[in-house]
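Step one of this worksheet: look at the structure below.
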Amino acid sequence: MKKVLGVTLGILTAIGGFVDIGDLVTNALVGARFGLHLAWVVIVGVIGICLYAEMCGRVVAMSGRPVFDLIRERLGPRTGLLTLVASFLVTLLTLIAEIGGVALALELASGVHYLLWMPLAAFAVWLVIWRVKFSRLEQVFGLLGLLLVVFAVALFTLGPDWGQLLHQATRPHPIGHENWATYAYYGIALFGAAMTPYEVFFFSSGGVEEKWTRSDLVTARSNVFVGFPLGGLLSLAIMGGAAVLFLPAGIKVETLGQVTLPVAVALGKLGLAIVLIGVFAATFGAALETALSCGYTIAQYRGWQWGKFVRPREASRFHVVIIVCLVLAMLTLLTAVDPVQVTEYSVVFAAMALPLTYLPILIVANDPDYVGEEKNGPVRNAFGLVYLALLTVASAAAIPLMIITKGGQ
Amino acid sequence: MPGESGRVLHAQLHLLDRQLIDQADGHLAGKVDDVELDLDADPPVVTALITGRERITARRIVDITTAVTVSVEDLDLDYYDDWVENHVIAKIPGARHAPE
Amino acid sequence: MRLNDLLGRRVLDTDGDVIGGVADVRLVQDGPMLVSMQRALRVDGLIVVENRATRLFGYERHVGPELLRRLIHARLGEVWYLPWDDIEEITDDAVTIAPRRAHLRRLEDLARY
Amino acid sequence: MRRAVAVALLLVLVLSSCADPDQKLRSAAAQSARDAASEVSTTRLAVEQLRAHRLWSQSAGQMVEDAQKGVEKAASSFSSQQPSTVTSTRLYEQVTKTLDDAQTAVTAVRIALGNGDLAAAEQQLTALRRSDADLGRIGELAK
């Protein structure tokens, strides 16, 4: 019974934790501009993150080694450093976007300008990391993030023409004023939003924080194979709501307020209240995850003591990295950059950093030194290689497409 | 696998860039940045692991798995961590307590 | 000598023809007894690859997805195991070995690990 | 040889289409109009939802404030265009006028909501719909 409870809790947490500012903004934006014509990318992305997160979970449960240990071991100090710089910068960019998202959610709820909320949000993130136990922080924000289910409820309440949505979803091509370049660009953005590198850093380091062993494999796998796809469905609901409400009206999503608008239209003030709490929890939870991931990547590359399973003073450099990152995020946001635009760029840059992050995972998930008998089978390897190829193509195409489309215009 | 003999390892694959763990408290203690070999000895052997500026002699190696456990004893592997701890982290309230 | 200095060093036969480069060092834990009551890691030989590259990603041990392994092996060329006794001399820029290229033992033929 | 000619022809075509000042202005107009129409529709949606008691006033105010910034951005990006022919100049004036109207309507809503005057905001609904339709037509001038 206790085990079932634990597994259920893990799944619920994974659903709520799956959606972050990148998924919120990118899915709504794409839904408004392309309808569901890009929905297939979400599905491809979710399968990809399931595949690789499961490999990480297995490696951690069997060997206790988190992802960046593997990157340094298999790619060596030089290529490892390149990967570190790329994934650290992307994660920092995502942290900036998440903290901006927390502040924007508070602004929408209170009417007080987001720049005033922002230092408070950054401080709260630090305080939670400093004082709250890992498992508690993960559960509280994951469960609160579940409130985003209102996006799905809203989609049903809006009473869309399901046949037409299906029609859109099965026709993968640009529509209206869009062309193939913007279509591909936002395809990469969605891919990056679903497979952001910090997800595997956090997932695998979290496995170490919670001291996973072989017996936790069931939990790890159920989180990944049930929680993530349901989180992906949530992403699709966000996209669907935007497709129903905004596409016919010619509205482009550029603010977080617009992202939440379909819920208000469908469910009124109560719905809006719930979605704002959900957005707050999802972005705050993701801010915790990205801030921790900034610390995890650097500490694991350098071999420093890291983690919340020891007292802060025993992992002093790890905590200093986190504090510095939060200060950097705050300073960047104080220049009044638009957090929504930061988000749009962060998911594309995420797509670029992916291949180097995922290659060592695939290699080590085959190595009996690490995983013993639990090696990848031929099917997993075939899928893993297909995704590695996809990631490489997306990574190479990201910058040229960004230039051609002038950032998606 | 202490004491196990005849085990085959590859220096680069199994030692280089691996995580070091302090046997005494299980704390993470840096990466293996280099391996020192004595090729003139008979037979030639691994004499030490290098991490940062510290040299960990082979006799301190306790276990080699997906990480390398060493007995740190009087070596100062935590120099920088201690510095940061004493100058920054310990000054913030709550640094000594486990999170709740 | 440091491992990082040895890795990537050119390997020559006695005629001075380049065979490849050092990719890894094979160690066996059967050396002299240490104070810690463990046996020392004895240097058993070198792993040499035809096209000099230092990172093998652990592929010499036959793990990993087949396709990726083939791609990497295609880049590496031949991979040989060179027993310590076959080494004539190690200088600052090259390792000279006694056997000819044709007589080298392929790593694959070594017992799988 | 034939291929080289084809490539050269294509290049000339592409370059000339870029160089055609009327075409360039048309596409800039369409782009700005579509951006502005998006903001106008957002404003309309916010007011409608506020009227139906489905939205908090501060969230609606926030959205309209953002929409006003968006319209201003669209209008100012178009105003930096340089019309060089008679046709261009006529189009430039017409589009500028339409964008101004949109800006006026959205700003009026923003002010009304800032004063908590929902009735005044609702009065702008007709203007917003008309503006949306006008912008929509300009938006179709180019891909």
Side-chain angles (χ1 to χ4, degrees), chain B residues 1-24 30-75, chain C residues 1-9 21-49 53-64 79 81-92 95-96 107 110-113:
Chain B
M1 282 144 260
E4 180 195 337
S5 58
R7 184 172 169 219
V8 175
L9 292 172
H10 293 93
Q12 191 215 40
L13 186 69
H14 292 104
L15 293 175
L16 217 52
D17 296 311
R18 292 266 162 151
Q19 180 69 50
L20 286 166
I21 296 178
D22 182 349
Q23 185 197 19
K31 295 276 175 181
V32 179
D33 293 320
D34 211 340
V35 177
E36 192 184 82
L37 309 165
D38 185 352
L39 298 180
D40 300 322
D42 185 35
V45 285
V46 171
T47 47
L49 304 177
I50 311 293
T51 176
R53 284 170 18 221
E54 295 289 338
R55 182 172 171 276
I56 304 167
T57 51
R59 64 169 182 85
R60 291 175 186 268
I61 302 174
V62 178
D63 195 5
I64 301 168
T65 58
T66 53
V68 179
T69 311
V70 292
S71 93
V72 173
E73 291 158 26
D74 52 328
L75 280 181
Chain C
M1 168 169 249
R2 294 286 179 87
L3 179 64
N4 278 327
D5 298 332
L6 186 60
L7 294 176
R9 198 166 287 191
V22 178
D24 212 337
V25 178
R26 189 175 197 261
L27 306 171
V28 181
Q29 196 166 19
D30 61 358
M33 200 64 105
L34 296 171
V35 201
S36 54
M37 296 305 286
Q38 275 195 66
R39 290 198 173 269
L41 292 164
R42 176 177 61 83
V43 176
D44 178 62
L46 299 180
I47 291 165
V48 176
V49 297
T54 51
R55 285 277 153 187
L56 296 181
F57 299 105
Y59 273 114
E60 66 277 19
R61 293 171 312 137
H62 316 278
V63 296
V79 181
Y81 166 63
L82 193 70
W84 188 251
D85 292 341
D86 286 351
I87 295 169
E88 297 264 295
E89 189 189 18
I90 298 182
T91 62
D92 280 348
V95 177
T96 313
L107 185 68
L110 218 63
R112 288 198 178 195
Y113 150 73

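In what follows, every chain begins at residue 1, and chains take the letters A, B, ... in the order their sequences are listed.
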Part of residues 40-49 of chain B lying next to chain C, heavy-atom separation under 4.5 Å: P43(B), P44(B), V45(B), V46(B)
Ion pair R26(C)/D44(C), N-O distance below 4.0 Å: yes
Salt bridge flag under 4.0 Å for residues K31(B) and D17(B):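 Salt bridge flag = no for D17(B) with K31(B).
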Side chain, backbone, both or neither of I87(C) within contact of chain B (heavy atoms, under 4.5 Å):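 Neither; nothing under 4.5 Å.
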Heavy-atom closest contact (R60(B) atom, D74(B) atom, distance): NH2-OD1, 3.1 Å
V22(C) vs V95(C) side-chain heavy atoms within contact, under 4.5 Å: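 A side-chain contact under 4.5 Å exists here.
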Salt bridge (charged side-chain N to carboxylate O under 4.0 Å, His left out) partners of R55(B), counting only residues at least two apart: E36(B)
Among L82(C), I47(C), V49(C), V48(C), the one residue meeting side-chain contact (heavy atoms from CB on, under 4.5 Å) with L107(C):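 Only one of L82(C), I47(C), V49(C), V48(C) forms a side-chain contact (heavy atoms from CB on, under 4.5 Å) with L107(C), namely I47(C).
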